[in-house]
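The next block holds one structure in the form of structure tokens; read it before the comments.
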2 protein chains.
Amino acid sequence: MNIGDVAQKAGLPPKTIRYYEDIGLITPLRDTNGYRVFRESDLHKLAFLGRARTLGFTIEDCRTLLALYEDDTRASADVKDLAQAHLAKIEDKITQLESMRDTLSNLVKSCAGDNRPDCPILSDLATGQH
Amino acid sequence: MNIGDVAQKAGLPPKTIRYYEDIGLITPLRDTNGYRVFRESDLHKLAFLGRARTLGFTIEDCRTLLALYEDDTRASADVKDLAQAHLAKIEDKITQLESMRDTLSNLVKSCAGDNRPDCPILSDLATGQH
DNA sequence: GATAGGGCCTCCAGTCGCTGGAAGGTCAAG
DNA sequence: CTTGACCTTCCAGCGACTGGAGGCCCTATC
């Protein structure tokens, strides 16, 4: 398989796949013409990576997850710990964003949105007073 | 005021303030010794920027917001549009993160987290099957 | 007057995870 | 033989800082 095929199948752009090789997440073979040659196992890893990234794991987390995946002597506790830590970060981010959303939506509601200059959004930003 | 004082008052690191000058958000004066000299108006702008950033506005949004703030002939509609667009992006992000959170928390729940290798988290990443 | 410490300066590099583009080799079809 | 789609490498840029090196300035103390 060439990079285009595997990109299609894994649902990742070729650029991303080359990048993953660069940082050592995968090591496809090479044809005599210099083209990358992907085995099934490479495709499998790429799909794994794609899903892990979709769940928001960092690249370094993905590296660890791949390593755990390939180690039959792993303890599931290690995977769970990683996932739990990541989950906690996501929950923090959600909380943060929700707070932004609440403030912003109040401000938006309170703004007339007409052609006059008076604007509670700007007043709030200027003074920090709600 | 020197950068240290204004950093304290505005709640922003000196590095960030220098960066804001670099990209033209503020233009403090200079003392004969080369030190930046901040006026009240600079402090005010920095506080404004800090609050806008806290609400998640991008730097370019902040630039626009500052410009609107300083233009008495603005239409509040322009501010509101900007805020609303930003709010929509935040809501999208929240939705995305919530989906990650839900998937992840299910996976975490289903994983024993002991010293055996069997792990539904890895199985899911490997196969895309829940 | 020397020195120590803190604060300030600039400039460069790195963060994260790609993404775009330039310049060029390869391959299959017509 | 040419066209066009693919592949290659390498370099630069995104956003919003942040860290660090190397060096000047200012004040206080000895």
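This structure is a prediction, so every number in the text was calculated from the model and none was measured. In what follows, chains are A, B, ... by sequence order, proteins preceding strands, each numbered from 1.
In terms of phosphate contacts, Tyr20(A) brings a side-chain nitrogen or oxygen within less than 4.0 Å of OP1 or OP2 of dC18(C). In this structure, Tyr19(B) does not reach the dG15(D) phosphate: none of its side-chain N or O atoms is under 4.0 Å from OP1 or OP2. Using a 4.0 Å cut-off, some side-chain N or O of Thr16(B) falls inside it from OP1 or OP2 of dT18(D). Here Thr58(A) does not reach the OP1 or OP2 of dC16(C): none of its side-chain N or O atoms lies under 4.0 Å away.
Rounded to an integer number of Å, the gap from CG of Asp22(B) to P of dA13(C) is 15 Å. Nucleotide dG7(C) holds its C1' atom 16 Å from the CE atom of Met1(B), rounded to whole Å. Taking atom CZ on Phe57(A) and atom P on dG17(C), their separation rounds to 13 Å, with Å as the unit. Rounded to whole Å, atom C1' of dC17(D) lies 13 Å from atom CD1 of Ile17(B). Rounded to an integer number of Å, the gap from CG of Leu46(A) to P of dC18(C) is 12 Å.
Listed by first and then second residue, the side chain to side chain donor-acceptor pair (under 3.5 Å) pairs that reach into residues 74-88 of chain A are Ser76(A)-Asp114(B), sequence neighbours excluded. The list of salt bridge (charged side-chain N to carboxylate O under 4.0 Å, His left out) pairs with a residue in residues 29-49 of chain A, not counting sequence neighbours, reads Glu21(A)-Arg30(A), Glu21(A)-Arg36(A), Arg39(A)-Asp42(A), Lys45(A)-Glu70(A).
You'll find the side chain of Met1(B) stays beyond 4.5 Å of the side chain of Val37(B), heavy atoms only. Leu125(A) has its side chain out of reach of Leu107(A): every pair of non-hydrogen atoms, C-beta onward, lies at least 4.5 Å apart. For the pair Tyr35(B)/Ile3(B), no side-chain contact is recorded, criterion being any heavy-atom separation below 4.5 Å from C-beta on. By the 4.5 Å heavy-atom criterion applied to side chains, Ile121(B) and Leu104(B) are not counted as neighbours.
Each of Arg53(B) and Thr32(B) has a nearest nucleotide on DNA chain D; the 5'-most of these lies closest to Arg53(B).
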task: Determine, for nucleotides 6-11 of chain D in 5'-to-3' order, which nucleotides have protein heavy atoms under 4.0 Å from the base (write B), from only the sugar-phosphate (write S), or from neither (write -).
output: BSBBB-
